[in-house]
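Beneath this line is the structure, given in structure tokens, with notes to follow.
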Amino acid sequence: MRPAASRLPPATCDQPPATCDQRPATRGRRITTSANRRRLHPHRRRRAPTNVDPHPQSTITNPQFPPSAILPPMTQPLRVRMAPSPTGDLHVGGARTALFNYLMARRAGGSFVLRVEDTDALRSDPAKEAGIYDGLRWLGLHWDEGPDIGGPYGPYRQSERGEVYREAVGALLDSGQAYYDYTTAEERAAERERQRAQGQTQRYSGMGRRFSAADIARRQAAGVVPAVRFRSESRSVSFHDVVLGSITVGPDDVDDFVIARGDGSALYNLAVTVDDHYMRISHVVRGRDHVSNTFRQVLLYQALGWPPPVFAHLPLVVDLRRQKFSKRDGAQWVGAYRTQGYLPEAMLNFLIFLGWAPGDEREIFSVDELTAEFRLERVNRADAVFDVQRLDYFNGVWIRRLDVDDLAARARPYAARGGLTVAPDQHEYFAAGLALEQERLSHLSQTADLMDFFFDDALQPDMRQVRFRRHDPAAAAAALRRVAELVRTVDPFDDPTLEAAMRALAAELGWKAGDLFMPVRVAVTGRRATPPLFATMAVLGRQRCQERLRRALASLAECSAP
RNA sequence: GGGGCAUUCGUCUAGCGGCCAAGGACACCGCCCUCUCAAGGCGGAGAUCGCGGGUUCGAAUCCCGCAUGCCCUACCA
């Protein structure tokens, strides 16, 4: 049984105003597209009057656009989707797209759908699907419907939706808007080669449409398995894009594209269109690399008699070379950032600025704040370079914002991976030390490196790290003996008491405070860069400090001996 | 080759015809704070707004052309 809609004649261009805004290509010369955009939507960058939107939470309204730009009507719930193909882990660009979609859904009280686009059985890897879930979950970008949790419009995996696609392809075939193409790959390659040699546009000519019944019979007999192509009539196609404005393509720019393979399986453009329609997607928000496909999809919507969704194409997230991330970069997978110790909050805060800005000078945003603030209309058009230094900055900010317990809980796995053994009864000790390192931590993966001295009970301080400028090792040894005595007796063994006592000692010795503190620092921590000394000693505790001071004295004896 | 889109400090961005000899942030440099390292504060350097025309009393903002870049151009998504 085919959907009734598929029985309709080919859609002409007179229904939904925003969706079918084809205008004769003959009208005037071709104008610059950006000029075109501004002419049609001169106010797209203008801020919305605050009192225009009567149903801000529950409907899709956008006072900045002519009503025709907004579909579906205000009574329809907002539904957005993220449609990754399981050919890899979650990509940073994909994460950014997911974030934008997620924000829209949350703001409007709509639904965020996750759909897995695995129509390419060869390249799709079911195992990768889990990686995408992991990445999305880690970022906290939860979906309302998806392959794993189901939903009213499933299944949500394209490989399970073959029947739906077959119906649509059948409808298109029945109405003559699609045809079986019996050309061979060799013939098509030859055609392209011929075109290229003659300096012509490389484009499928639709030669498969012109075979006679006898030709087809011969090819069938020869074992040619036909693909199904969409019959793309020569006319200009255009659509309105919330980010890009109206874009148009000429009558000869969309060729007869394949919608189903010889084996009957659907191809991307068909599958996407069918799914977005049946899943009632209201807004398609995706990367700009899909704009050319959008023309094909718009054609399919028209042919099937369906109202298209609102389209919004996001600028690309590119690498330092200003190109799409490639496999070689390695820096493209979200999981890599997770293992490097980035916080999801930081990643999201960083990602949102790739193509969007609030319009004022704030820049630290939580997802909740973003939900209230994000507007598709403020999205940029220029591609954005993924600058990891800026990500690092956001990471530091968000690490410092965490309360210590939360930070400790998140840092523990990194500490373990870094080889730091924290005994079960050392939870509080770990957290106390971490509190001191918090503002020194730019990545959670540094936890072990920064904190190992807290846990190394065999620590052998190397006193040669101390640069003795005003005092020699022997004098330092004498001073350290006084410190050891002080450490043994000072009470309470806390930050202010230790500091007062140590400053008094320095004064008594006639040393500058810093000259005394550095040898002590190296003695009790084994390193020159640490959190503030007395807070650190207080966390280490009297015993560890005494023990380490003893070893430091030994080290000093060695380095002053010939 | 064809089509689409884009172009403000190295990077992310603000900018909506006069408030811009262009603001913020990252990175960089310096100073301050300071027991080291950070964090923080203050300051510096850094963009003839891709280029060329035009409209206007006035253009980063509007118009036209050019250049460059990116994306698409598969029985990939």
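Residue numbers begin at 1 in each chain, while the letters A, B, ... track the order of the sequences.
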Q: Tell me whether the guanidinium CZ or amine NZ of Arg296(A) lies under 6.0 angstrom from the six-membered ring centre of Phe230(A) and within 45° of its axis.
A: no
What's [X] touching, base or sugar-phosphate or nothing? Going by heavy atoms closer than 4.0 Å.
| X | answer |
| --- | --- |
| Glu117(A) | sugar-phosphate |
| Leu533(A) | base |
| Gly355(A) | sugar-phosphate |
| Pro532(A) | base |
| His313(A) | nothing |
| Leu354(A) | sugar-phosphate |
| Ala384(A) | sugar-phosphate |
| Arg229(A) | sugar-phosphate |
| Val520(A) | nothing |
| Gly199(A) | sugar-phosphate |
| Tyr393(A) | sugar-phosphate |
| Asn293(A) | base |
| Leu316(A) | sugar-phosphate |
| Pro531(A) | base |

Given [options], which nucleotide is nearest the side-chain atoms of [X]?
| X | options | result |
| --- | --- | --- |
| Thr201(A) | G4(B), G2(B), G15(B) | G2(B) |
| Lys324(A) | C72(B), A77(B), C35(B) | C72(B) |
| Arg188(A) | C37(B), C75(B), C12(B) | C75(B) |
| Ile247(A) | C75(B), G4(B), A39(B) | G4(B) |
| Ala357(A) | A27(B), A14(B), C70(B) | A14(B) |

Mind checking the [atom1] distance from [N] to [M]? Whole angstroms is fine.
| N | M | atom1 | value |
| --- | --- | --- | --- |
| U68(B) | C75(B) | C1' | 35 Å |
| A67(B) | U56(B) | P | 27 Å |
| C49(B) | U7(B) | P | 15 Å |
| G54(B) | U11(B) | P | 30 Å |
| G58(B) | C19(B) | C1' | 14 Å |
| C29(B) | A39(B) | P | 13 Å |
| C64(B) | U55(B) | C1' | 10 Å |
| G44(B) | G53(B) | P | 34 Å |

Q: Would you please classify the geometry between the Phe394(A) ring and the Phe353(A) ring as parallel, tilted or perpendicular, with 30° and 60° separating the classes?
A: parallel
Q: Determine the interplanar angle of the Trp356(A) and Phe374(A) rings, folded into 0 to 90°, and report it as parallel if under 30°, tilted if 30 to 60°, perpendicular if over 60°.
A: tilted
Q) Can you name the one residue among Glu187(A), Gln200(A), Gln202(A) that meets side chain to side chain contact (heavy atoms under 4.5 Å, CB included) with Arg192(A)? A) Gln202(A)
Quick one: does [X] reach the base of [N] with a side-chain donor-acceptor pair under 3.5 Å?
| X | N | answer |
| --- | --- | --- |
| Arg381(A) | C5(B) | no |
| Asp387(A) | A27(B) | no |
| Arg322(A) | C70(B) | no |
| Arg390(A) | A27(B) | no |
| Arg440(A) | C37(B) | yes |

Does any nucleotide pair with [N] by Watson-Crick or G-U wobble geometry, both distances under 3.5 Å, and what is it?
| N | result |
| --- | --- |
| A60(B) | none |
| A25(B) | U11(B) |
| C35(B) | none |

Could you tell me how far apart [X] ([atom1]) and [N] ([atom2]) are, to the nearest whole angstrom?
| X | N | atom1 | atom2 | answer |
| --- | --- | --- | --- | --- |
| Gln297(A) | A77(B) | CD | C1' | 11 Å |
| Leu314(A) | C71(B) | CG | P | 16 Å |
| Glu361(A) | G24(B) | CD | C1' | 4 Å |
| Phe394(A) | C26(B) | CZ | P | 9 Å |
| Phe386(A) | U13(B) | CZ | C1' | 16 Å |
| Asp252(A) | U73(B) | CG | C1' | 14 Å |

(Q) Quick one: does any side-chain atom of Asn101(A) pair with a main-chain N or O of Val285(A) as donor and acceptor, under 3.5 Å? (A) yes
(Q) I want to know whether Tyr204(A) and Phe257(A) have ring centres closer than 6.0 Å. (A) no
Q. Between A77(B) and Arg261(A), is there an OP1 or OP2 to side-chain N/O distance shorter than 4.0 Å?
A. yes
Q. Got more than 12 heavy atoms from elsewhere within 6.0 Å of OH, Tyr133(A)?
A. yes
Q) Under 6.0 Å from the CG atom of Leu320(A), do we count more than 12 heavy atoms belonging to anything else shown? A) no
Q | Intermediate values then yes/no, salt bridge (charged side-chain N to carboxylate O under 4.0 Å, His left out), Asp452(A) and Arg527(A) | A | CA-CA 11 Å; Asp452(A) 59 1; Arg527(A) 57 180 71 190; 2.6 Å; yes
Q: For Ala227(A) and for Arg400(A), locate the closest nucleotide of RNA chain B by heavy-atom distance; then report the residue assigned to the nucleotide nearer the 5' terminus.
A: Arg400(A)
Q. Taking the nucleotide of RNA chain B with the closest heavy atom to each, which residue, Phe353(A) or Ala260(A), is nearer the 5' end?
A. Phe353(A)
